[in-house]
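Following: one structure in structure tokens, then a few remarks.
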Amino acid sequence: MMAVTRGFTGRPRRGGDDRLPPGQYDTGAGWPTLTAELTPQVDVDTWTMTVDGLVDTPTTWDWRGIHALPGSSYFGDIHCVTTWTKFDTTFTGVSVDTLLETTGVRPEATHVFATATTGYTTNLPLADITGGKAWLVWEFDGKPLTPEHGGPVRLLVPHLYFWKSAKWITRIELRDHDEQGFWERNGYHDRGDPWLEQRYQGDA
Ligand SMILES: Nc1nc2c(c(=O)[nH]1)N[C@H]1C(S)=C(S)[C@@H](COP(=O)(O)O)O[C@H]1N2
Ligand SMILES: [Mo]
């Protein structure tokens, strides 16, 4: 006999509000799309990813090369500054640490500037994409990432607001200074920690 919990609505409680950063709501099964530009069709046969700037060995991977690296998955939550949080996402790809093991990191590097094929950009402290906190991902819930969600490959930095997770990423440049990207120039915070509610320039 199967035990059925009374009042079960199809969505288990997930430990209460302690998983929701301040000012966020649970978007449930949906996954809103937020794109400033037109969704590009990026062909995996011509796709490349470059890590350069303050590294020892600037490196460009193609589709086959990036898949030859040891894979890595993220399981957990994502948080958009427009106040939706999506619980229990699974993304698969490669850890940014793995890319940086290949290129090496020069000691002067403090920040990164990420660029998408569309020209969308975002800035991040180097410490926020190292130490198992950031991925390049090509699968969501075991299926290829769809173009509207950044496929074939997007950046995933789930501990920061989701605008840092550049869709259609093609380049990460390591730098010795911070320079604002697209949304940061338009008023969003330079770091964007959802638990500190760093939504806009001037927030803590
Ligand atoms: N290239 C690109 N990446 C982007 C964006 C964008 O407009 N263009 N929007 C950002 C914002 S504000 C959010 S919330 C997420 C949305 O990702 P999704 O559409 O897969 O939910 O992508 C981020 N990455
Ligand atoms: Mo967003």
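Start at 1 and go down the list; that is how both ligands and their atoms are numbered. Nothing here was measured: the structure is a model prediction, and the numbers come from that model.
- Only the side chain of Tyr120 comes within 4.0 Å of ligand 1, counting heavy atoms alone; its backbone N, CA, C and O stay farther away.
- A heavy-atom separation below 4.0 Å is found between Pro32 and ligand 1.
- Near Ala36, with a cut-off below 4.0 Å to any heavy atom, the atoms of ligand 1 are 6 (C), 7 (O).
- Outside the 6.0 Å centre-distance limit, the rings of Trp135 and Phe140 are not counted as a close aromatic pair.
- Only the side chain of Trp31 comes within 4.0 Å of ligand 1, judged by heavy-atom distances.
- Ring centers of Trp138 and His67: under 6.0 Å apart, within the cut-off.
- The minimum heavy-atom distance linking Gln24 with Tyr161 is given by the pair OE1-CE2, 3.9 Å.
- Salt bridge Glu184/Lys164: present, at least one basic N to carboxylate O contact under 4.0 Å.
- In the candidate list Lys167, His149, Arg154, Lys167 is nearest to atom 3 (N) of ligand 1, counting heavy atoms.
- When non-hydrogen atoms are compared, ligand 1 lies under 4.0 Å from the side chain of Trp84 (C-beta onward) but not from its backbone.
- In this structure, Lys164 has no heavy atom closer than 4.0 Å to ligand 1.
- Between Phe182 and Tyr120, the ring planes are tilted. Angles from 30° to 60° get that label.
- Only side-chain heavy atoms of Trp168 come within less than 4.0 Å of ligand 1; its backbone N, CA, C and O stay farther off.
- A perpendicular orientation is assigned to the rings of Trp31 and Phe91, their planes being inclined by more than 60° (bins at 30° and 60°).
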